[in-house]
Amino acid sequence: MKQISEILDVEKGKKELEQDRITVGVATCGISAGADKTLEKLKTAGLSLLVEGVGCAGSCYAEPIVTVKQNGLLSIYGYVTEDKADKLIESIRNSQVCEEMLLGHKLEDIEFYKKQLRIVMKNCGFINGLSLEQYAANGGFTGLANALKLQPSQLIEEVKRSKLRGRGGAGFLTGMKWGFLAAKQGRKFIVCNGDEGDPGAFMNRTVMESDPFSIIEGMIIASYATGAKEGIIYTRTEYPLAIKTIEKALVMLKDKGLLGKSILGVEGFDFDIILKKGAGAFVCGEETALIASVMGKRGHPRFRPPYPADKGVYDCPTNINNVGTLANISKILAMGVDEYIKIGTEKTKGTKDICLTGKVKRTGIVEVPMGTKLREIIFDAGGGPVEGTNFKAVQIGGPSGGCLTEADLDLPLDYEPLQNAGAIMGSGGMVVINDESCMVNVAKYFTAFTRSESCGKCTPCREGNTRMNEILDRITKGLGTEQDIKKLKLLAEYIRDNSLCNLGKTAPNPVLSTIAKFPEEYDAHIKEKRCPSKVCIELLKYIINEKCTGCGACARVCPTNAITGRIKERHVIEQAKCIKCGNCYDICAFNAIDRK
Amino acid sequence: MKMAEWEEVERILKKYSTKEDLIPVLEDLQEEFGYLSEEMLERAAKKLNVPFVTVSGVATFYSSFRLTPRGKYHIQICRGTACHIFRSDKLLTYFEKKLGIKAGGVTPDGKFSLVPVNCIGACAKAPAMMINEKVYGNLTEEKIDKILSELK
C-alpha cells in the first residue's frame with residue numbers, strides 16, 4: 001500500500017499553511033457580500049504576501065472574511081468589503097494590525113466561535129478547498145489511512161462504535177447502514193446526498209464548496225467498508241459553485257489515483273464517483289425520490305421496503321449518506337473513535353453544524369457538541385435577536401420541523417429532545433424569528449412551500465397540504481372561523497398518517513407546532529380579525545391621527561386615491577378604498593398614521 | 001428551429017445514450033438555449049428511446065427546467081424561510097413593479113426574467129437572490145436598483 005506522502009507533496013501543503021499569507025473566504029456567502037471583489041483587489045495590490053481564496057469559515061454575518069498572517073501573527077478580519085480593502089492593504093504594507101476590522105487573532109477570541117467545536121468545519125475557511133496538499137497537510141487522508149489498517153468488517157464495527165448518526169435528519173446509525181450494504185453481493189453503490197433542499201440549511205453547500213475532499217474521503221472509506229465500487233454525488237442545481245468545486249475535486253483525485261482502480265495501490269480496491277445534478281425538487285432529498293432522479297425519472301418517492309440497501313440505483317443495493325455524515329467519517333477515523341465518543345451526549349456522539357439564520361445578530365454556521373443548549377447557540381454564538389426586537393421563536397428542521405419558544409431554549413441539541421418538544425433536528429437549520437413576524441403567516445409560508453414542492457404522487461400530501469394552505473390563507477385574510485383550527489388538526493393527522501414518504505408525513509409539523517405554541521396569535525386572527533405582528537396586510541387598518549399637519553404627502557402616494565383632505569388640515573383615509581399598501585405610513589414624516 | 005441550432009442539439013445529444021441520462025440531457029440543452037422547446041424534447045425522447053410523455057413529464061416536474069425562453073439575466077428571488085422572515089415576498093413584488101412583469105415572466109426586450117425559487121442556500125445573507133449564477137445577499141430596494149443599473 002502506498003502512503004499519502006508518496007502521492008502528494010504534503011510538505012508543500014504544510015509550508016503553504018504555515019507561511020505568512022492572506023486568505024479571503026470566497027464561498028457563496030462571501031461572494032454574495034462582495035468577497036470576490038475584495039480578493040481581486042488584494043491580489044492586484046502588489047503585496048509581498050501570497051493571496052489565496054479559501055472556503056467559508058461559517059461566520060457569514062461578518063463576510064467578507066479576510067485572514068492575514070504576517071510575521072507569524074494571524075489576524076482575522078470581518079466586513080472587508082471592496083471599499084474597505086484599501087485600509088487593510090495600507091495596514092499590511094505597514095506590517096500593522098488593522099484594529100478597525102479585526103475580529104480576533106484566533107477563532108476562540110471571537111464571540112461567535114467561543115462555544116464551537118469544529119470537526120466537520122475544521123478545514124472550512126482555512127485551507128484552499130481545492131489544494132490536495134493543503135488538505136493532506138491539515139490531517140486529510142489520515143482517516144482513510146487509518147481505515148485501511150482495518151479489515152472492512154472491523155471498520156464497520158468502529159463506525160458502529162462511534163455511534164455516528166445520519167446527519168441528514170433521520171439520525172439512523174451510519175455503521176448499521178453500512179453493515180446492511182456490506183452484507184450484499186454484486187454491484188452496489190454509495191450515494192452522497194447533497195440535495196440540501198431544506199430552506200434555512202446550507203451547511204452541506206458550505207462543506208462542498210470549502211472542503212470537498214473530506215466528503216469524498218468519507219465516500220472512499222465507505223467504499224472500502226462496504227465493497228461498493230461505484231459512487232454518486234447528488235447535488236442541487238441551485239448550488240453552481242458547489243457543483244464546480246466537486247467536479248474539480250473528483251478530477252484531481254482521479255489524477256492522483258485516489259479514485260479509480262487500485263486506490264493507493266491496494267489491489268482490488270476500486271472506486272469511482274460520478275456527479276449527478278438535481279434539477280430543482282425538494283422531494284429529491286428523500287432517498288427513494290433521489291434514486292428515481294438519478295435514474296432520470298421524475299423525483300417520485302416509492303414505498304419502502306424494499307429499502308435502498310436492497311434495491312436502489314439500477315435496482316442494486318445502495319447506501320445513501322448525507323454530506324455531513326460522510327464529512328464526519330473522515331474526521332472521526334482521523335481523530336480516533338475513542339476521542340470522538342467523548343464528545344456529545346450518551347445517545348448521540350459528536351457535533352452538529354447548525355445553520356443559524358433569521359432575525360439574529362450573528363448568522364452563520366455554528367458547530368457545537370451534541371447536547372449544547374439551544375440558548376447557547378442562539379444567544380451566545382448568535383448574540384440573540386437583532387437590536388431592538390424580542391425573541392419569539394426558533395424554527396428548527398425546516399418544512400418537516402417546528403417552532404420552539406423561549407421556554408424550550410434550555411433543551412439540549414439532540415434528535416430525541418427536539419422531537420419531543422415538537423421540532424426536529426432535521427438537517428440543522430435554525431431560523432430565529434423575532435416579534436416582527438406573524439406565526440400564522442409563518443405556518444402559511446410552510447404550507448405554501450410544501451404545496452409547491454409536493455411531488456403529487458399521493459393524495460394526502462398533494463391535496464391535504466393544499467387544503468391546509470387554503471385554510472391558513474383564509475385566516476390571514478380575516479376570513480377564518482373557529483372551526484378552522486379543528487379542521488387544520490384533523491387534516492394534519494390525516495396527512496401524517498397516510499402520506500407515502502416522510503416529507504408528506506412531517507409536512508403538517510410547522511402548522512401543528514405554531515398552533516400549539518402560539519394559540520393566542522391564531523385567536524387574534526380568527527376572533528379579533530387582528531394580526532398582532534402587523535404582517536397580514538388584509539387585517540391592517542391605517543388611520544390618520546391628530547398629528548397630521550395636512551402636508552398632503554400621503555395623498556400623493558396613495559395609489560387608490562383613498563386619502564382626502566384640504567391642505568394644512570387633517571386628512572382622512574377612506575377605508576373601503578384602502579388597499580393597505582402602506583405607502584402613506586412609510587412616507588409620513590409626522591408619525592401621523594397609525595397602523596393597527 | 002434553425003439549422004445551426006439543430007446541429008447544436010445533435011452535438012449535445014451525441015454525448016448521451018441511455019434513459020438514465022435524461023436529466024443531464026435536458027440540463028445541457030437548457031444551458032445552451034436557455035429553455036427547452038417542444039422540438040428539443042421530441043429529439044431527446046427519440047435519441048434516448050423513451051416516450052415523449054416521459055420526457056415532458058420530467059421537464060415539467062423539476063422546477064429548474066423552463067419551457068419558454070428566459071431573459072439574458074435570469075433573476076431568482078429566494079423564498080426560503082430566512083428570506084421569508086426578511087419579507088422577500090415584498091422584494092418579489094418590488095421586482096415585478098420595477099420590471100413590469102409578473103413572476104415567471106420575461107421583459108419584452110428579453111433582458112430580464114423573474115422567478116421565485118425555494119431556497120438558494122444563502123440564508124445567512126437573507127434576503128438573497130441569484131442572477132444567472134451569481135448570488136446577492138442582504139438585499140434592499142436601494143441595493144436592487146444599484147444591481148439592476150449595473151447590468152447592461
Side-chain angles (χ1 to χ4, degrees), chain A residues 28-29 31-33 60-61 63 196-202 204-206 236-241 276-282 284 293-300 314 355-359 363-365 395 398-399 429 431-434 436-437 441-442 445-446 448-449 452-453 455-456 535, chain B residues 16 18-28 30-31 44 48 50 54-66 76 78-90 93 97 115-130 132-139:
Chain A
T28 295
C29 283
I31 293 172
S32 77
C60 309
Y61 69 98
E63 296 279 10
E196 184 176 50
D198 263 12
F202 54 92
N204 290 353
R205 190 210 75 212
T206 302
R236 313 176 69 205
T237 183
E238 290 88 342
Y239 288 177
L241 184 58
K276 283 263 184 183
K277 280 190 283 179
F282 173 68
C284 287
S293 179
V294 167
M295 303 308 293
K297 298 180 197 157
R298 293 164 71 110
H300 279 172
Y314 290 102
C355 287
L356 189 62
T357 62
K359 296 286 179 87
T363 57
I365 302 183
Q395 209 285 340
V431 184
V432 174
I433 297 170
N434 64 4
E436 293 165 338
S437 288
N441 172 279
V442 168
Y445 160 78
F446 277 110
F449 180 92
S452 77
E453 290 291 355
C455 80
V535 171
Chain B
Y16 300 100
T18 67
K19 62 183 196 300
E20 288 81 16
D21 295 328
L22 178 53
I23 294 173
V25 164
L26 298 183
E27 273 165 352
D28 283 5
Q30 179 160 296
E31 197 175 313
L48 303 180
V50 287
T54 308
V55 178
S56 103
V58 167
T60 51
F61 179 84
Y62 293 99
S63 62
S64 70
F65 293 134
R66 289 176 63 84
Q76 296 179 288
C78 183
R79 291 291 291 126
T81 319
C83 290
H84 177 74
I85 297 294
F86 280 95
R87 301 305 304 267
S88 66
D89 52 338
K90 281 189 175 174
T93 316
K97 221 162 81 185
V115 287
V117 57
N118 283 341
C119 200
I120 55 172
C123 320
K125 289 281 161 203
M129 67 171 173
M130 247 165 121
N132 296 344
E133 288 199 348
K134 184 161 165 61
V135 174
Y136 299 83
N138 295 127
L139 294 176

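Per chain, numbering begins at 1; letters A, B, ... match sequence-line order.
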Cut-off 4.5 Å, heavy atoms of chain B, and the answer for A/C455 is both

Contacting moiety of A/E436, where chain B heavy atoms sit under 4.5 Å:
neither

Decide yes or no for A/V432 and B/I85: does some side-chain heavy atom of the first lie under 4.5 Å from some side-chain heavy atom of the second?
no

Any non-hydrogen side-chain atom of B/S63 less than 4.5 Å from a side-chain atom of A/F282?
no

Rounded at 0.5 Å granularity, tell me how far OG1 in A/T357 sits from CZ in B/F86.
8.0 Å

For a quick test of reading the model, state the closest non-hydrogen atom pair linking A/G364 to B/A124 and the distance between them.
N-CB, 4.1 Å

NZ/B/K125 to OG1/A/T363 distance, rounded to the nearest 0.5 angstrom?
6.0 Å

Any heavy-atom pair between the side chains of A/N441 and B/H84 that's under 4.5 Å?
yes

Residues that A/T28 engages under side-chain hydrogen bond (donor to acceptor under 3.5 Å, both in side chains), provided they are two or more places apart
A/E209

B/Y62 side chain vs A/G278 backbone, donor-acceptor pair below 3.5 Å
no

Which residue is it: B/C123, B/C83, B/C119? I am looking for the one with a side chain to side chain contact (heavy atoms under 4.5 Å, CB included) to A/P199.
B/C119

Quick one, B/M130 and A/P240 - any side-chain contact, counting heavy atoms below 4.5 Å?
yes

Quick one: closest heavy-atom pair of B/P24 and A/K276, and the distance?
CG-NZ, 4.4 Å

Heavy-atom side-chain contact between A/K277 and B/I23 under 4.5 Å
no

For B/V58 and A/G296, the nearest pair of non-hydrogen atoms, with its separation, is CG2-O, 3.7 Å

Heavy-atom closest pair (A/V431 atom, B/A82 atom, distance to 0.1 Å) is CG1-CA, 4.0 Å

Looking at chain A, which one of B/E27, B/Q76, B/K134, B/K19 has the largest number of heavy-atom pairs inside 4.5 Å, strictly under?
B/E27

What part of B/N118 gets within 4.5 angstrom of chain A, counting heavy atoms only: side chain, backbone, both, or neither?
both

For B/F61 and A/G299, the nearest pair of non-hydrogen atoms, with its separation, is CE2-N, 3.1 Å

Here the pair of heavy atoms bringing A/Y445 nearest to B/T81 is OH-N, 2.9 Å

Okay, A/T206 and chain B: the region with an atom under 4.5 Å from a heavy atom over there is neither

Quick check on A/V535 against chain B: is it the side chain, the backbone, both or neither that has a heavy atom closer than 4.5 Å?
both

Please list, chain by chain and in numerical order, all residues satisfying side chain to side chain contact (heavy atoms under 4.5 Å, CB included) with B/T18, sequence neighbours excluded.
B/E20, B/D21

Based on non-hydrogen pairs under 4.5 Å, which of A/E196, A/R298, A/E238 is most in contact with chain B?
A/R298

OG of A/S437 to CZ of B/R87: how many Å apart, nearest 0.5 Å?
8.0 Å

Structural part of B/R79 lying under 4.5 Å from a heavy atom of chain A
both

